[in-house]
Amino acid sequence: MKNLKSKITLFIFLSFCLKISAQYQPKNLSKSDLKKANDWVEKTYNSLSQDEKLGQLFIIALYTNKGEDYIENVRNIVTNEKIGGLILMQDDAAREIDLVNEFQSKSKVPLMIGMDAEWGLFQRIATAHKFPWAMTLGAIQDKSLIKEMSAKIAEDCHRMGINWDFAPVVDVNTNPNNPIIGNRSFGSEVSNVVTSALAYSEGLQDHQILAAIKHFPGHGDTDTDSHLDLPVVSHDLNRLNSVEIAPFKALMDKGIGGVMVAHLYVPALESGKNIPASISKNVITGLLKEKLGFKGLIITDALNMGAVAKRYKPGELDALAFKAGNDIMLFSDGVKEGKRLIQMAIDKNEISPNRVEESVKKILLTKYFLGLNEYQPRNPENINYDLNNDSHKKIVQKMYSNALTLLKDEKKLLPLSCKETYYFVPLEEAPYQTFLDQMNLGATVIIKKPEEISTIPTNSKVIVGLHKDNSSAYKPYKISDSSKKILADLSKNQNVILNVFGSAYALKDVDISNVSTVLVAYENNEDSMISTANALNGKTKIWGRLPVLVNDQLKAGMGIDLDAKKK
């Protein structure tokens, strides 16, 4: 009898726990920890008015570069609408900390603080240190390094009071002309995207920062920027399941805390004309929740983006998004109206009252697991140093070093010899001085401007650097006709070592058939240039692999290993 009683108690307890479920849970969670979490959720939920419950569904933007009137408006929304969270945008880290401390102290329920920090907090805070883009990380073969890197991003998030990094992107970038994903994708191969994204997510979530895989159901094969208009993904179901949706499906049983839904029109998934996935019940409830069984937080992409903001009014858009199955409306421009329309839809039985309970309890449980029930104010002092110091440089340079991809070395020109003289020809529009300075620490390198190449002796060893502007992830990667001509001329009678400080897609229409040695560094910044120079000088091993299909000759997975010089 006693046995039966304990079994019944356990069954009731488990049923109760299943009722309030979140995808993300800290590791090694005991039954008593879970009971405490659920008790806190129940107590908090029952203390909220209906208006306060509805407020939990909204995250609005906080900028510090839009003036005090803007900040006062945010302050009023936080206070009056009892919202669930903030997404930190540009620009002043110390001011953001002060405001978050203030808003947290005024909130009955702790605020979820999110940020787009795919390549670290630098994505929004210019004084922070920049981490590599996903495309660069996709070239790395030891995926534990990605986990190590995202753990550092998690540390920076904690320093700022951020709980949710809206990353990683798991879109499979099969379209080189994609204007908005590109460098933000781990590559064009599903398996590489999955292993890279899992490592990135674990580095965050193992350190109590929530991840969000995005942009469901897949933004990788689009040629329209959804910030501007509504992209269409016209593939059939077989292709969608095997490519676009595949990474989401593979990662959903790994405890990833969030999924962000894109503003995309996918006719194979939604029969309604031009209905974005972000407000499609078929996509969110039918596919993501019911068919794929995702139990975590479902959040819209930013609701101020042109793909949806051009088509729907603020508030109306939020209500449509919630009705479709989202838990959280991100970057809402119409909280008050959204709440009113959601409540109206509940009153008309268009939305079940259970939906609010389901979403709010999921949000509360996740907040508890992230430690928000014991929020500690952050100190803004020394924040810029704390987000950008030698500990960041060390790990970032390790990433660039491990991403370097050697596509050819026919004449065995690498590593460079300290006994020889090399010539360096910088091409394209971006800075190169750091690379040249670092190269000269190991070899003798003489710079020649493009107009001076006729002065280079025949049969010399010439390093050509394609230095692309990487000041943002969205800059064009194409190589100019003039640079292609200079490369072709040099290849006729010189031994060329070509370094691509930019996207691998830059090689799409560059003839490298007569180039002996080709190395892809993926990005042009101080850390990548230092790492590349060290590798050329034989200080580090080169063993990255191409993460994308570039053209018929340069396929994903290509790359040659080159050991470091023996000391």
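Sequential numbering from 1 along the given sequence is applied to the chain's residues.
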Pairwise side-chain contact, [X] with [Y], heavy-atom cut-off 4.5 Å (strictly under):
{"X": "Ile456", "Y": "Val462", "result": "yes"}
{"X": "Gln208", "Y": "His158", "result": "yes"}
{"X": "Lys398", "Y": "Thr540", "result": "no"}
{"X": "Asp165", "Y": "Met115", "result": "no"}
{"X": "Lys461", "Y": "Leu416", "result": "no"}
{"X": "Ile213", "Y": "Pro247", "result": "no"}
{"X": "Val396", "Y": "Lys130", "result": "no"}
{"X": "Asn326", "Y": "Ile299", "result": "no"}

Subject >> Trace of the side chain to side chain contact (heavy atoms under 4.5 Å, CB included) decision for Ile209 with Gln205 >> reply: CA-CA 5 Å; Ile209 298 295; Gln205 294 196 165; over 6 Å; no
Which atom names give the shortest non-hydrogen contact between [X] and [Y], and what distance separates them?
{"X": "Val308", "Y": "Ala302", "value": "CG2-O, 4.5 Å"}
{"X": "Ile560", "Y": "Asp409", "value": "CD1-N, 4.1 Å"}
{"X": "Ala246", "Y": "Ser242", "value": "CB-O, 3.5 Å"}
{"X": "Pro168", "Y": "Phe186", "value": "CB-CE1, 3.8 Å"}

Quick one: do the [X] and [Y] side chains pair a donor with an acceptor below 3.5 Å?
{"X": "Arg239", "Y": "Ser234", "result": "no"}
{"X": "Gln123", "Y": "Asp116", "result": "no"}
{"X": "Asn402", "Y": "Gln141", "result": "no"}
{"X": "Asn282", "Y": "Ser280", "result": "no"}
{"X": "Asn495", "Y": "Ser516", "result": "no"}
{"X": "Thr444", "Y": "Glu420", "result": "no"}
{"X": "Ser528", "Y": "Ser531", "result": "no"}
{"X": "Asn192", "Y": "Lys143", "result": "yes"}
{"X": "Ser278", "Y": "His263", "result": "yes"}
{"X": "Asp221", "Y": "Asn175", "result": "yes"}
{"X": "Asn514", "Y": "Ser491", "result": "no"}
{"X": "Asp469", "Y": "Tyr477", "result": "no"}
{"X": "Tyr522", "Y": "Thr405", "result": "yes"}

Subject >> ring-ring contact (aromatic ring centres under 6.0 Å, His included) partners of residues 159-182, not counting sequence neighbours, each pair once >> reply: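 Applying ring-ring contact (aromatic ring centres under 6.0 Å, His included) to every pair that reaches into residues 159-182, excluding sequence neighbours, yields Trp164-Phe166.
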Original post:
Is the backbone N or O of Tyr63 less than 3.5 Å from a side-chain atom of Gln90, with the two atoms forming a donor-acceptor pair by type?
Top reply: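 Here the side-chain-to-backbone pair does not exist.
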**OP:** Would you check if the side chain of Asn388 reaches a backbone N or O of Thr127 as a donor-acceptor pair within less than 3.5 Å?
**Re:**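 Such a contact is found between Asn388 side chain and Thr127 backbone.
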For [X], enumerate each residue passing the side-chain contact (heavy atoms from CB on, under 4.5 Å) test, keeping only those at least two apart in sequence or located in another chain.
{"X": "Lys419", "value": "Ser417"}
{"X": "Glu155", "value": "Lys152"}
{"X": "Asp229", "value": "Thr224, Lys310, Arg311"}
{"X": "Pro179", "value": "Asp225"}

Does the pair [X]/[Y] count as a salt bridge with the N-to-O cut at 4.0 Å?
{"X": "Asp206", "Y": "Lys27", "result": "yes"}
{"X": "Lys485", "Y": "Asp481", "result": "no"}
{"X": "Lys214", "Y": "Asp171", "result": "no"}
{"X": "Glu410", "Y": "Lys408", "result": "yes"}

**OP:** To the nearest 0.5 angstrom, please state how far the CD atom of Glu428 sits from the NZ atom of Lys468.
**Re:**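 If I round to the nearest 0.5 Å, the distance is 4.0 Å.
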Original post:
When rounded to the nearest 0.5 angstrom, what is the spacing between CD1 in Ile153 and NE2 in His207?
Top reply: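 Reported value, rounded in 0.5 Å steps: 12.0 Å.
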Verify the neighbour count for atom [atom1] of [X]: are there more than 12 heavy atoms of other residues, nucleotides or ligands below 6.0 Å?
{"X": "Lys254", "atom1": "NZ", "value": "no"}
{"X": "Lys448", "atom1": "NZ", "value": "yes"}
{"X": "Lys565", "atom1": "NZ", "value": "yes"}

Original post:
Can you list the steps and then say if His227 with Asn304 is a side-chain hydrogen bond (donor to acceptor under 3.5 Å, both in side chains)?
Top reply: CA-CA 8 Å; His227 292 86; Asn304 70 328; over 6 Å; no
Original post:
With sequence neighbours left out, which residue pairs that include part of residues 530-549 fulfil the salt bridge (Lys or Arg N to Asp or Glu O under 4.0 Å) condition?
Top reply: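 Sorted pair list: Arg545-Asp561.
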**OP:** Could you walk me through whether His219 and Leu264 pass side chain to side chain contact (heavy atoms under 4.5 Å, CB included), step by step?
**Re:** CA-CA 8 Å; His219 209 316; Leu264 301 166; 3.7 Å; yes
Subject >> ring pair (Phe, Tyr, Trp, His ring centres under 6.0 Å) between Phe294 and Phe216, intermediate numbers included >> reply: CA-CA 12 Å; Phe294 184 64; Phe216 187 81; 8.7 Å; no
[X]: what forms a salt bridge (charged side-chain N to carboxylate O under 4.0 Å, His left out) with it, not counting sequence neighbours?
{"X": "Glu96", "answer": "none"}
{"X": "Glu202", "answer": "Lys147"}
{"X": "Glu526", "answer": "none"}
{"X": "Asp390", "answer": "Lys393"}

Donor-acceptor contacts under 3.5 Å from residues 497-508 side chains, at least two apart:
from: Ser503; atom 1: OG; to: Tyr505; atom 2: N; distance (Å): 3.0
from: Tyr505; atom 1: OH; to: Asn173; atom 2: O; distance (Å): 3.2
from: Tyr505; atom 1: OH; to: Asn173; atom 2: ND2; distance (Å): 3.1

Subject >> For His392, all residues meeting side chain to side chain donor-acceptor pair (under 3.5 Å), sequence neighbours excluded >> reply: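 Side chain to side chain donor-acceptor pair (under 3.5 Å) check on His392 returns Asp156, Asn389.
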**OP:** Sort out for me which residue in Trp119, Tyr400, Trp133 forms a side-chain hydrogen bond (donor to acceptor under 3.5 Å, both in side chains) with Glu523.
**Re:**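 Single pass found, and it is Tyr400.
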